[in-house]
Amino acid sequence: MKVKSRSSSPGERLADVPPLPMLCSLLLLLITGEALGVNVTSQTQMVRGTVGKEALFSVSYASSSSDKPVIKWQLKRGKEKPVTVVQSIGIDIIGNLRPEYRNRVLVFENGSLLLHNLRLSDEGAYEVEISITDDTFTGEHDIELTVDVPVSKPYIQMVASSVLEYSENFNLHCSHDNGTKPVYAWLKGDKILANDSRLLLSHDQKVLTILRVLMADDDIYMCTVENPSAA
């Protein structure tokens, strides 16, 4: 059996040695246990807004770099292509805003976004991306926005103002003219009503039916309606 040995030229030996910057990066990873990146945090998962008012998407970020961050906010709706709301370097907005966002957005130093004069079309998931040149990874966070029209004062409709005891059922209909995502509730006196053997609420709770009316049912009934913006 013949064994051949081969000497390497100086050029070949250098080619087998990782470049110094790569070695430094590997050593940094071994020491820190993680790559440098921007960390975006927020205590807010959802913002409930009202048409015509404003919404604050509150976030903050941490980075080892002192450079100004590049901040990008996007609106995502289902499978639609994300829409860029605003891009900035620090608080300085770059590029041209879309017409629907002009004079409506403000970016803060911590990456937060303030959106003025809310519209129903503003609903959706807002994603922020914060990147800094010296950092390897970009930080991201999503905040959901819902927008509602405030509900108007509700009113009750009924077929008759009086009924015979035991022999009749009595229906009360709650309605309102304006407002989105309404949630209805009924009170008898100062107590909230729930379904029982004689008091029945419709699935959407707009209609209260009293079965086999009794003298004890004689009371003040009140309907309330609210949406998330009023909660």
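Below, each value reflects all heavy atoms present in this structure, side chains not excepted, and no hydrogens, waters or symmetry copies.
Counting heavy atoms from C-beta on, the side chains of Pro150 and Thr50 come closer than 4.5 Å. Put simply, the side chain of Lys72 reaches to within 4.5 Å of the side chain of Thr84, judged on heavy atoms. A heavy-atom distance below 4.5 Å is not found between the side chains of Val51 and Leu118. Proximity of Leu114 to Glu54: side-chain heavy atoms (C-beta onward) are separated by under 4.5 Å at one or more points. Annotation: side chain of His141 is in contact with side chain of Gln45 (closest heavy-atom distance under 4.5 Å). Inter-residue side-chain proximity for Val47 and Tyr126 is flagged as unmet; no heavy-atom pair is nearer than 4.5 Å. Side-chain contact between Asn227 and Pro182 is absent, with no heavy-atom pair separated by less than 4.5 Å. Contact of the Trp73 side chain with the Leu115 side chain is not registered, since no non-hydrogen atoms from C-beta on lie closer than 4.5 Å.
Between Lys206 and Trp186, the shortest heavy-atom distance links the atoms O-CZ2, 3.5 Å. Residues Asp142 and Lys76 come closest through the heavy atom pair OD2-NZ, 3.4 Å. Nearest heavy-atom pair, Gln157 versus Ser175, reported as atom, atom and distance to 0.1 Å: OE1-OG, 3.5 Å. Here the closest non-hydrogen pair linking Leu201 and Ala194 is CD1-CA, 4.2 Å. Closest approach of Lys188 and Ala216 over heavy atoms only: NZ-O, 3.1 Å. The two residues Met158 and Phe170 have their closest heavy-atom pair at SD-CZ, 3.7 Å.
The local environment of CG in Asn96 is sparse, with at most 12 non-hydrogen atoms from other residues, nucleotides or ligands closer than 6.0 Å. Annotation: Asn103, atom CG; neighbour count of heavy atoms from other residues, nucleotides and ligands within 6.0 Å does not exceed 12. Within a 6.0 Å radius of CE in Met46, more than 12 heavy atoms belonging to other residues, nucleotides or ligands are found. Other residues, nucleotides and ligands contribute only 12 or fewer heavy atoms inside 6.0 Å of the CG atom of Asp218. More than 12 heavy atoms of other residues, nucleotides or ligands lie within 6.0 Å of CD in Glu140, so this atom counts as buried by the packing criterion.
Taken from CD in Gln87 to CD1 in Ile71, the straight-line distance is 10.5 Å, to the nearest 0.5 Å. Atom CZ in Arg48 sits 10.5 Å away from atom CG in Leu145 (nearest 0.5 Å). We find the CG-CD distance between Leu200 and Gln205 to be 12.0 Å, quoted to the nearest 0.5 Å. Considering SG of Cys223 and CG of Leu193, their distance stands at 11.0 Å, rounded to 0.5 Å. To the nearest 0.5 Å, atom OG1 of residue Thr133 and atom CG of residue Asp67 are 6.0 Å apart. With values rounded to the nearest 0.5 angstrom, Leu208 atom CG is found 10.0 Å from Cys174 atom SG.
Ile94 and Ile132 are not part of a single hydrophobic cluster, where members link through side-chain heavy atoms under 4.5 Å apart. A continuous path of hydrophobic side-chain contacts links Val149 to Val147 [ILVMFWY only; heavy atoms under 4.5 Å]. Both Val59 and Val105 are members of a single hydrophobic cluster when ILVMFWY side chains are connected at heavy-atom separations under 4.5 Å. If you chain together hydrophobic residues whose side chains sit under 4.5 Å apart, Val213 and Tyr221 fall into the same group. In the hydrophobic clustering of ILVMFWY residues, with side-chain heavy atoms under 4.5 Å counting as a link, Leu106 and Ile93 come out apart.
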Legend entry - CA sep, side-chain torsions, deciding dist, call: Val38, Glu129, side chain to side chain contact (heavy atoms under 4.5 Å, CB included): CA-CA 9 Å; Val38 180; Glu129 297 178 356; over 6 Å; no
Legend entry - Candidate pair Val128 and Tyr61, rule side chain to side chain contact (heavy atoms under 4.5 Å, CB included), full reasoning: CA-CA 11 Å; Val128 62; Tyr61 75 92; over 6 Å; no
Legend entry - Tyr101 and Leu75: CA distance, side-chain angles, deciding distance, side chain to side chain contact (heavy atoms under 4.5 Å, CB included) verdict: CA-CA 11 Å; Tyr101 296 117; Leu75 170 59; 3.5 Å; yes
Inset, instruction - Kindly determine whether Ser42 and Ile143 satisfy side chain to side chain contact (heavy atoms under 4.5 Å, CB included), including the steps that lead there. - result: CA-CA 9 Å; Ser42 175; Ile143 297 177; 4.0 Å; yes
Inset, instruction - Kindly determine whether Asp122 and Arg104 satisfy salt bridge (Lys or Arg N to Asp or Glu O under 4.0 Å), including the steps that lead there. - result: CA-CA 11 Å; Asp122 291 328; Arg104 295 181 60 214; 2.5 Å; yes
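Side chains of Asn110 and Ser60: no donor on one and acceptor on the other come within 3.5 Å.
Electrostatic pairing of Glu123 and Lys181 counts as a salt bridge here, judged by a charged N lying under 4.0 Å from a carboxylate O.
His176 is linked by a side-chain hydrogen bond (donor to acceptor under 3.5 Å, both in side chains) to Tyr184, counting only residues two or more places apart in sequence or in another chain.
Without hydrogens or angle criteria, Ser152 side chain to Asn178 main chain gives a donor-acceptor distance under 3.5 Å.
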